[in-house]
Amino acid sequence: RTASAYEIWREEYLTQVAVAWVLGCVFVRFLEDNRLIEPPRLAGPGERLQRAKDEHTLFFQQHPKLSDRDYLEAVFGDMARLPGAGELFDQRHNPLWAVAISGDAARELLAFWQRIDPATGALAHDFRDQEWRTRFLGDLYQDLSEAAREKYALWQTPEFVEEFILDRTLTPAVDEFGFAQVRMIDPTCGSGHFLLGGFRRLFGLWLGHEPGSNPRVLAQRALDQVYGVDVNPFAAAIARFRLLIAALKESGVEQLKDAPAFRIHVATGDSLLH
């Protein structure tokens with residue numbers, strides 16, 4: 001599988017695991033702050049921060065011998081059981097389950113999300129966004145690990161480049177074959193910019209042709225036309241999460257527990273192997 005020395009392979013693997021712990025928290029925080037999950041369990045603006053701390057206290061009243069690592073694992077385990085979130089958080093797909101962090105590290109991670117900005121008195125990391133925009137995850141993707149950024153050439157695709165390329169690839173394909181027949185694949189999808197752009201365009205076409213249809217059904221049709229692959233596991237995770245949020249938004253879903261189990265076609269793999 002690898003030509004790297006063991007120590008180099010090990011450090012790269014542990015970096016992937018560490019990133020998975022951070023990303024798992026980012027996904028939960030985004031869902032918490034935009035009220036897609038209840039109650040908040042990591043943090044939240046205003047009174048939601050205290051509610052998250054109360055959930056933490058309740059957990060240790062019930063499990064006094066466990067650590068903050070167990071608390072985070074319980075949060076992630078509950079997330080894995082929600083519709084559409086299984087492949088983001090379950091033990092088969094998420095490397096965070098492969099290597100546990102210490103209880104002290106988990107406590108520091110929780111403290112990071114609950115940190116108050118002394119200049120404003122507000123929560124330092126607030127993910128509220130009425131439009132549920134996730135492009136910031138692309139910045140996070142390229143900044144999480146300098147070694148991974150250099151190895152995988154992690155650089156954001158500017159939005160105008162994304163639109164330019166889709167205008168000259170997806171649009172002509174739709175014109176030639178019809179929007180209902182087109183499928184697209186990004187073999188190096190990164191954090192999913194082209195996948196998101198393709199999904200939005202295809203969903204808009206479905207909605208324009210079938211305005212009376214259930215938007216959840218139309219969202220799944222558009223998702224079934226968009227495929228992505230990336231060699232980097234946390235790139236694939238971000239792309240999958242972004243597609244999930246886009247599908248929830250277009251479907252009018254306000255709580256993740258009420259969402260359909262959307263099928264999202266993003267895989268971790270090396271597109272050059274074949």
Side-chain angles (χ1 to χ4, degrees), residues 1-31 42-43 67-77 79-80 85-115 124-125 127 134-157 186-193 195 228-245 264 266-273:
R1 299 256 338 241
T2 178
S4 301
Y6 169 70
E7 291 78 9
I8 296 173
W9 172 86
R10 179 193 62 197
E11 290 308 308
E12 289 181 352
Y13 181 70
L14 291 177
T15 296
Q16 293 287 352
V17 174
V19 166
W21 279 91
V22 175
L23 272 186
C25 290
V26 172
F27 294 161
V28 172
R29 289 286 299 109
F30 184 90
L31 294 168
L42 299 188
S67 71
D68 282 314
R69 180 191 66 232
D70 300 294
Y71 180 71
L72 288 179
E73 289 179 343
V75 172
F76 297 148
M79 289 298 306
E87 293 185 3
L88 285 167
F89 288 96
D90 68 10
Q91 297 191 25
R92 179 184 173 196
H93 295 89
N94 197 318
L96 73 85
W97 302 101
V99 182
I101 61 175
S102 68
D104 289 342
R107 184 175 64 250
E108 291 180 11
L109 195 52
L110 274 172
F112 174 82
W113 296 117
Q114 296 178 358
R115 184 170 65 86
H125 302 284
F127 293 93
T134 56
R135 192 173 178 85
F136 75 92
L137 288 168
D139 296 321
L140 177 65
Y141 162 64
Q142 71 181 28
D143 292 338
L144 273 171
S145 165
E146 182 177 355
R149 181 171 66 249
E150 293 176 357
K151 178 175 180 179
Y152 297 112
L154 310 185
W155 299 104
Q156 282 256 55
T157 301
D186 185 344
T188 55
C189 67
S191 55
H193 295 326
L195 303 184
V229 183
D230 202 275
V231 71
N232 190 340
F234 62 82
I238 290 174
R240 179 179 292 277
F241 181 77
R242 295 185 69 198
L243 281 172
L244 173 63
I245 296 301
I264 297 174
V266 178
T268 302
D270 188 339
S271 296
L272 298 179
L273 280 179

Engineer: Sequence neighbours left out, what passes ring pair (Phe, Tyr, Trp, His ring centres under 6.0 Å) with Tyr71? Give chain and number order.
Structural biologist: His56, Phe59
Engineer: Can you name the residues that form a side-chain contact (heavy atoms from CB on, under 4.5 Å) with Ala236, not counting sequence neighbours?
Structural biologist: Val266, Thr268
Engineer: Listed by chain and number, what are the side-chain contact (heavy atoms from CB on, under 4.5 Å) partners of Ala267, not counting sequence neighbours?
Structural biologist: none
Engineer: Should Val28 and Cys25 count as side-chain neighbours, where that means a heavy-atom distance under 4.5 Å?
Structural biologist: no
Engineer: Could you pull out all residues at least two apart from Phe112 that satisfy side-chain contact (heavy atoms from CB on, under 4.5 Å)?
Structural biologist: His125
Engineer: Any sub-3.5 Å donor-acceptor pair from Arg242's side-chain atoms to Ser191's backbone N or O?
Structural biologist: yes
Engineer: In chain order, what residues pass the side-chain contact (heavy atoms from CB on, under 4.5 Å) check against Ala111, with sequence neighbours excluded?
Structural biologist: none
Engineer: What are the two closest heavy atoms between Val22 and Trp113, and how far apart are they?
Structural biologist: O-CZ2, 4.3 Å
Engineer: Scan for side-chain hydrogen bond (donor to acceptor under 3.5 Å, both in side chains) pairs involving residues 93-105, sequence neighbours excluded, and state none if there are none.
Structural biologist: Asp90-His93, Asp104-Arg107
Engineer: Can a donor-acceptor pair be found, under 3.5 Å and without considering hydrogens, that links the side chain of Gln16 to the backbone of Pro95?
Structural biologist: no
Engineer: So does Pro187 get a backbone contact from the side chain of Ser271, meaning a donor-acceptor N/O pair under 3.5 Å?
Structural biologist: yes
Engineer: Do any N or O atoms from the side chain of Arg92 and from the backbone of Glu87 form a donor-acceptor pair under 3.5 angstrom?
Structural biologist: no
Engineer: With no hydrogens and no angle check, is any side-chain donor or acceptor of Trp21 less than 3.5 Å from a backbone partner on Leu96?
Structural biologist: yes
